2 protein chains.
Amino acid sequence: MTPAQSPITSADKTFFQLRTDIVEGVIAAGTKLSETELSTNYGVSRAVIREAINRLVACHIVERRANVGARVVNLTTEGLIELYQIRESLEGMAARLAASNMTDTEISNLESLLNDHFEEVKQGHSYYQEAGDVDFHYRIILGCKNNHLISMLTDGIYHLVRMYRVQLGMAGPRVSTAFDEHKHIVQAIANRDGELAEILMRRHILYSKNNIQKKLL
Amino acid sequence: MTPAQSPITSADKTFFQLRTDIVEGVIAAGTKLSETELSTNYGVSRAVIREAINRLVACHIVERRANVGARVVNLTTEGLIELYQIRESLEGMAARLAASNMTDTEISNLESLLNDHFEEVKQGHSYYQEAGDVDFHYRIILGCKNNHLISMLTDGIYHLVRMYRVQLGMAGPRVSTAFDEHKHIVQAIANRDGELAEILMRRHILYSKNNIQKKLL
DNA sequence: ACCGGCTAGATTGTCGACAATTGACCTACA
DNA sequence: TGTAGGTCAATTGTCGACAATCTAGCCGGT
């Protein structure tokens, strides 16, 4: 799913591990992160834990107050809306750029990916499950070829999005509609129509937000 | 200009200092950042330097390779374009949200700010100088009330933008035209027309990008 | 002369100990 | 009883030393 992360240093590994544990809910939202405690739990020095925590702060997964400590962020409705506004903006741009910058083979790969998903939908499997949706969005993000943008989305935003999805249990009913939206986005990209691709991607994410927002009220 | 940063810890101060020195060009782009050397220069321990560098890595001002070291990023045309694509996307969204979320007093403050600038323009002062432009964009960003978005722009993107501006010397000729663009954006926000505000802001940044791109060829 | 491996120096990564700050509890006093 | 102040334990911030890793230069073989 996500491309091979290659943890080199001990701090890398600890960062990835901690991030996974928080996103998956092993460490609950709002939890205080005690450096000494984590240090013993993960079997590394406090310096390593500190570096990992600082990186999590940079992705907005953890908040730190000087001389007081670090806490996992709380999952709020406002936070989720903020996140989706950013997604709408950045992924819309990614789709626009992808229409210009994806190679023909990348596009045909994306189309065949979509066909595979179509088969699953026909057989009644819920399409809007993590893997398929994430995979789709992921390829378009990579297709934009803007490294800074790619990094912001894949290193920063997406883990937070996933945290909300996992912990608020969002495997919503937007099955076939979401699939159609994906199909139209790919069509626009294949036609090299960046403007349309952006509009469609933004609407797609906006619908998603509205759907979730409805469920949370 | 930028709101009061309150450096608490020694690492905070070192981070701000280092960032300023890099953005202003005291430490040139592409320079290798030796931890021990910086440690003696700034009069703090290596741990503090490491934390500061890691934060700079998170803002994409510095790149680090494990076991090798950290370097200040190189300023490339591609990097600048990437940055402006992100700005177009995020600040467009900020303008849209600002049209909904700014208070009436914030809007009237913004209008009077623009009037002050207009006086300067009438008197022949180059409007498109750092202070005025940054101030304008800054207020709109804050006006969006999306804390995550605010943080991405003010902590992340803007220092890089400034680094390009300072080091590539961009005090371009877009004087009165930029002022008009600002005026129209404020009008849209005052009318609570988010959609138009976004379109105008995106075009404003796009023009800016084209202008710079033209000068760099 | 050129290429591959090896050694030495320097740099980064990790660790445990010490210093500084915070928050809570406890006490004294109005 | 409630509040202000002080004390103490616990946590975070900072430091210097040690271990692991990379780069550059040297040496020997082909």
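Side-chain atoms are counted along with the backbone in the values below, which use heavy atoms only and exclude waters and symmetry mates. Predicted model, so just to flag it, every value in this text is computed and none were measured. Note on naming: letters A, B, ... go to the chains in the order of the sequence lines (proteins, then strands), and numbering restarts at 1 for each one.
A 4.5 Å side-chain heavy-atom check between B:Val134 and B:Arg165 finds at least one atom pair inside the cut-off. Considering only heavy atoms from C-beta on, B:Ile61 comes within 4.5 Å of B:Leu160 through its side chain. Between A:Ile53 and A:Phe15 the shortest side-chain heavy-atom distance does not fall below 4.5 Å. Contact check for A:Ile141 versus A:Glu91: side-chain heavy atoms found under the 4.5 Å cut-off. A 4.5 Å side-chain heavy-atom check between B:Leu110 and B:Ile140 finds at least one atom pair inside the cut-off. The shortest distance between side-chain heavy atoms of B:His182 and B:Leu114 falls below 4.5 Å.
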Quick one, B:Tyr138 with B:Asp133, criterion side-chain hydrogen bond (donor to acceptor under 3.5 Å, both in side chains). Give me CA distance, side-chain angles, the key distance, then yes/no. CA-CA 8 Å; B:Tyr138 208 83; B:Asp133 187 62; over 6 Å; no

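With A:Glu82 as the partner, the side-chain contact (heavy atoms from CB on, under 4.5 Å) test is satisfied by one option alone out of B:Asn146, B:Leu149, B:Leu97: B:Asn146.
Note: A:His137 and A:His204 meet the aromatic proximity criterion, with ring centroids under 6.0 Å apart.
Over its full length, the helix from C:dA1-D:dT30 to C:dA30-D:dT1 turns its helical axis through 10°, comparing axes from the five pairs at each end and rounding to 10°.
Between the side chains of B:Asn54 and B:Arg64, a donor-acceptor pair is found at a separation under 3.5 Å.
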Distances for protein N or O near nucleotides 22-25 of chain C N or O, under 3.5 Å:
none

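Heavy-atom nearest nucleotides on DNA chain D were determined for A:Lys32 and for B:Ala11, and the one closer to the 5' end corresponds to A:Lys32. Looking at which nucleotide of DNA chain C each of A:Val48 and B:Thr36 is closest to, the 5′-most match is held by B:Thr36.
In this structure, A:Arg19 fails the cation-pi test against A:Phe16, since its NZ or CZ atom is not both closer than 6.0 Å to the six-membered ring centre and inside 45 degrees of the ring normal.
Among the protein residues, A:Ile8 comes within range of no part of the nucleic acid, since none of its heavy atoms lies under 4.0 Å from any strand. Within the 4.0 angstrom heavy-atom criterion, no nucleotide atom of any strand lies near B:Ile49.
Atom CD in A:Glu51 sits roughly 13 Å away from atom P in C:dT12 (whole-Å rounding).
Note that the first and last nucleotides of DNA chain D, 5' to 3', having any atom under 4.0 angstrom from a heavy atom of chain B are D:dG13 to D:dT23.
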